[in-house]
Amino acid sequence: MRAIPLKLRSQRGASMLLALLFLLICSMVTASILMAAAANAGKHRSNLEEHQTYLALSSAVSLLCDELNGAEYRGRYYYEVEEQYEENDDGELVLVDTLYYLDQSQGTYDGTFSPLLLASFDRLFADAIEASPAVSGFDRITYQSRTAPLAYNLTLTPDTGTSLDGQTIAVSLEIKENYAMYFTATLDNYTIRAELTPTESKPTLPNPLSGEGEKTTLPMKWKIGWITTGEEEDEP
């Protein structure tokens, strides 16, 4: 008769052990679910932030492309020929020399960034004038500024409709010798790069020069050569 209560107590202890084990398993499963949910929430926030960053950079790049694609540059110069005469013994005027002059005038650039870029394009056109065989042997050549920069650091604040509105985006712009423009927009270690290439030939002088007076080159415009998607920059 005494063995029966002992057996009942033994079964009751086993049942409690199983219950505790079940609670432990449930706690582990719950913790795993909560950790996964937290990880997914963090990943979602990260993806959302990355998407907003990409929107901001894309807006900045689109703004630049719209402005630069819609603009055109023309080089300008003044060509003059001076004939010098002297009176001979018979009192007649005789041509003794012909002098050739060329003065580079300020060009025209109708884009939003004209105060910056016009001087750079005039510098490149000055280089083209200097290298042109059309001015070989000229008696006088004057140029616009030969020291204008060919690289600029700009700041833009695009309208994206996100929390990044009003945030400053750094943009570096570099102008190449062929008038191509490369720019890099950076925000929060993400970068978009693009190239704009001339759609027409570079501004040049006709050879030989003819017709004195103020002259203008054919207009040069730009188009998008390539553009990258947002990419994460390596930490320095």
Would a 4.5 Å heavy-atom cut-off, applied to side chains only, mark [X] and [Y] as touching?
| X | Y | result |
| --- | --- | --- |
| Val171 | Thr155 | no |
| Glu83 | Thr98 | yes |
| Tyr78 | Leu102 | no |
| Phe113 | Leu68 | yes |
| Lys223 | Leu196 | no |
| Tyr109 | Arg74 | no |
| Pro115 | Leu118 | no |
| Tyr152 | Phe183 | no |

About how many Å separate [atom2] of [Y] and [atom1] of [X], when rounded to the nearest 0.5 Å?
| X | Y | atom1 | atom2 | result |
| --- | --- | --- | --- | --- |
| Ile141 | Ser136 | CD1 | OG | 9.0 Å |
| Ile192 | Thr184 | CD1 | OG1 | 10.5 Å |
| Phe121 | Tyr73 | CZ | OH | 8.5 Å |
| Glu80 | Arg140 | CD | CZ | 6.0 Å |

For [X] versus [Y], what's the shortest heavy-atom pair and its separation?
| X | Y | result |
| --- | --- | --- |
| Ala185 | Ile169 | CB-CG2, 4.2 Å |
| Ile175 | Leu124 | CG2-CD1, 3.8 Å |
| Pro203 | Ala128 | O-CB, 4.0 Å |
| Val135 | Ile129 | CG2-O, 3.2 Å |
| Thr217 | Thr204 | CG2-O, 3.8 Å |
| Phe125 | Leu205 | CZ-CD2, 4.1 Å |

Identify, with sequence neighbours excluded, every residue that meets salt bridge (charged side-chain N to carboxylate O under 4.0 Å, His left out) alongside Arg76.
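Testing Arg76 for salt bridge (charged side-chain N to carboxylate O under 4.0 Å, His left out), a comparison that skips the adjacent residues, returns Glu214.
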Does Lys176 have any salt bridge (charged side-chain N to carboxylate O under 4.0 Å, His left out) partners at least two apart in sequence or in another chain, and if so, which?
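Listed in chain order: Glu174.
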Sub-3.5 Å donor-acceptor pair from the side chain of [X] to the main-chain atoms of [Y], do we have one?
| X | Y | result |
| --- | --- | --- |
| Asp90 | Glu92 | no |
| Thr186 | Ala170 | no |
| Glu72 | Pro219 | no |
| Ser172 | Asn153 | no |
| Arg123 | Ala148 | yes |
| Tyr143 | Asp127 | no |
| Asp97 | Gln84 | no |
| Lys202 | Pro198 | no |
| Asp122 | Gln144 | no |

Using side chain to side chain donor-acceptor pair (under 3.5 Å), reason through Glu195 and Tyr182 one step at a time and then give a plain yes or no.
CA-CA 5 Å; Glu195 174 198 50; Tyr182 294 83; 2.7 Å; yes
Is there a path of hydrophobic side-chain contacts, each under 4.5 Å between heavy atoms of I, L, V, M, F, W or Y residues, that connects Leu218 with Tyr77?
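The answer is no; the residues belong to distinct hydrophobic clusters.
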Consider only side-chain heavy atoms of I, L, V, M, F, W and Y, link residues closer than 4.5 Å, and tell whether Trp222 and Ile224 are in one cluster.
yes
Residues in side chain to side chain contact (heavy atoms under 4.5 Å, CB included) with Ser210, at least two apart?
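Here no residue qualifies.
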